[in-house]
Amino acid sequence: MDWKFRQSKADSAAMGSAMTEILDALLVGVVVLDDTDQPVLVNAAAREMGLVRQRQGAAEEAHTIVRSLATQVRRNGVTRVVELDLPRLTHGDPLGVNVRAVALDGGRVAIEATDVTEAHRVARVRRDFVANVSHELKTPVGALQLLAEALLDATDKDPAAAIRFAERIKHESARLGRLVSELLELSRLQGAEPLPEPEPVEVDKIVAEVLDRTKTPGSAKHIEVASSGTRGLTVYGNENQLVTAVVNLVENAIAYSPENTTVSLSTRVLTDADASYVEIAVEDQGIGIEPRDIDRIFERFFRADRARSRATGGTGLGLAIVKHIATNHGGRVDVVSTVGVGSTFTLRLPARPTDAALALPPSVEIGGTP
């Protein structure tokens, strides 16, 4: 009889230990408060969220919020589900949690908390995106309306002014069309449409297409787009998207470079112990980027120089599209810049392991004439 009793206690201890492990393995925070608001059960996630008192400051404030919610549930016995922004134990944005409080027997209250910080961040980004899109669309639409009215007034009275207004209408409509096109492209890249199956893509073809597409804007500013580097490289992905990414980088370089300069487009392969990578670098002799703006230039609609960007027809989406294309292809895009000297954007993509690359002297233009 005594042995059975001791075995029962051992079983109970083992079950309690197993229950603790299970609770600590959960991603949701679990707290059970007694009738005096003292925690009798707390899992690891709840401690990380700061739902119980650990020290003065953030944890104290979070614990006070939870205790207040428990008091309300204990008073009326009705389950409460609320979303709260709790201060973090460390510095940073508030922790978004979905909290469910349930009354138990004996005045106890069970608190279940789910971390929804990421959902809050996505919702905030979506709100900002909608607000930015509305603003960006409103600007060219309003300009078109005013220019159309001015054109009507000047048609008979001032033909020269009418021509000038017509040119501005053409410029603004082109910018509006580009904005809509890039918004659709960004939407596709962010998952609105399934990604196409990756295929081997010749980097030489990408470079040749980029040189062809950027010839006109480069010539307009007397800027030479020169290519050099390693031939015979292959990456895996979608050719159209990769061409779009590099075109965006080259057009950006042209837009922010003074006349009679050179934009260099180079390719090379890097190999380490784990894998091989192809780097497509675009170097300009432009105005450069302020250090404070380096971390933000890939954000949607961010423009370090808004006046210059609007003058060149920029939408503020080009570099965001490049970043998403790089990420979708398992790569990344980096930038090194010096104000007044220029910038180098490097698109780094996983390479085909069996590439047999032939190094070319810098004077040989890929896709052009040696």
Compare all side-chain heavy atoms of [X] with those of [Y] and state whether any distance is below 4.5 angstrom.
X	Y	value
Glu251	Thr214	yes
Asp334	Arg332	yes
Leu270	Glu279	yes
Val32	Ile111	no
Asn43	Leu26	yes
Phe298	Val335	yes
Leu319	Phe345	yes

Sidechain-backbone polar pair: [X] side chain, [Y] backbone, donor-acceptor under 3.5 Å:
X	Y	answer
Ser219	Lys215	yes
Lys221	Asn260	no
Asp284	Thr261	no
His329	Asn238	yes
Gln285	Thr262	yes
Asp24	Ala44	yes
Ser337	Ile289	yes
Thr117	Gly96	yes
Ser228	Ser266	no

Identify the two heavy atoms, one from [X] and one from [Y], that lie closest to each other, and give their separation to 0.1 Å.
X	Y	result
Ser257	Ala253	OG-O, 2.5 Å
Ala245	Val322	O-CG2, 3.4 Å
Asp115	Met49	N-CE, 3.8 Å
Leu33	Ala70	CD1-CB, 3.7 Å
Pro200	Thr234	CB-CG2, 3.9 Å
Val203	Val235	CG2-CG1, 4.1 Å

Evaluate the side chain to side chain contact (heavy atoms under 4.5 Å, CB included) criterion for residues Asp293 and Glu290: first the C-alpha distance (whole Å), next the side-chain angles of each, then the deciding distance (0.1 Å), finally the verdict.
CA-CA 5 Å; Asp293 296 328; Glu290 293 285 350; 3.7 Å; yes
Could you walk me through whether Val99 and Val81 pass side chain to side chain contact (heavy atoms under 4.5 Å, CB included), step by step?
CA-CA 6 Å; Val99 180; Val81 179; over 6 Å; no
Can you check side chain to side chain contact (heavy atoms under 4.5 Å, CB included) on Val333 and Arg348, steps first, answer last?
CA-CA 6 Å; Val333 58; Arg348 191 182 194 195; over 6 Å; no
From Asn328 atom CG to Leu242 atom CG, the distance as rounded to the nearest 0.5 Å:
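One finds 10.5 Å between CG of Asn328 and CG of Leu242.
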Between [Y] and [X], is the closest basic N to carboxylate O distance under 4.0 Å?
X	Y	answer
Arg74	Asp37	yes
Asp34	Arg108	no
Glu209	Lys205	no

Hey, mind stepping through Leu265 and Val207 against side chain to side chain contact (heavy atoms under 4.5 Å, CB included) and telling me if it holds?
CA-CA 8 Å; Leu265 177 59; Val207 173; 3.8 Å; yes
Counting neighbours of CZ on Arg213 that are heavy atoms of other residues, nucleotides or ligands and sit closer than 6.0 Å, is the number greater than 12?
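Result for CZ/Arg213: enclosed.
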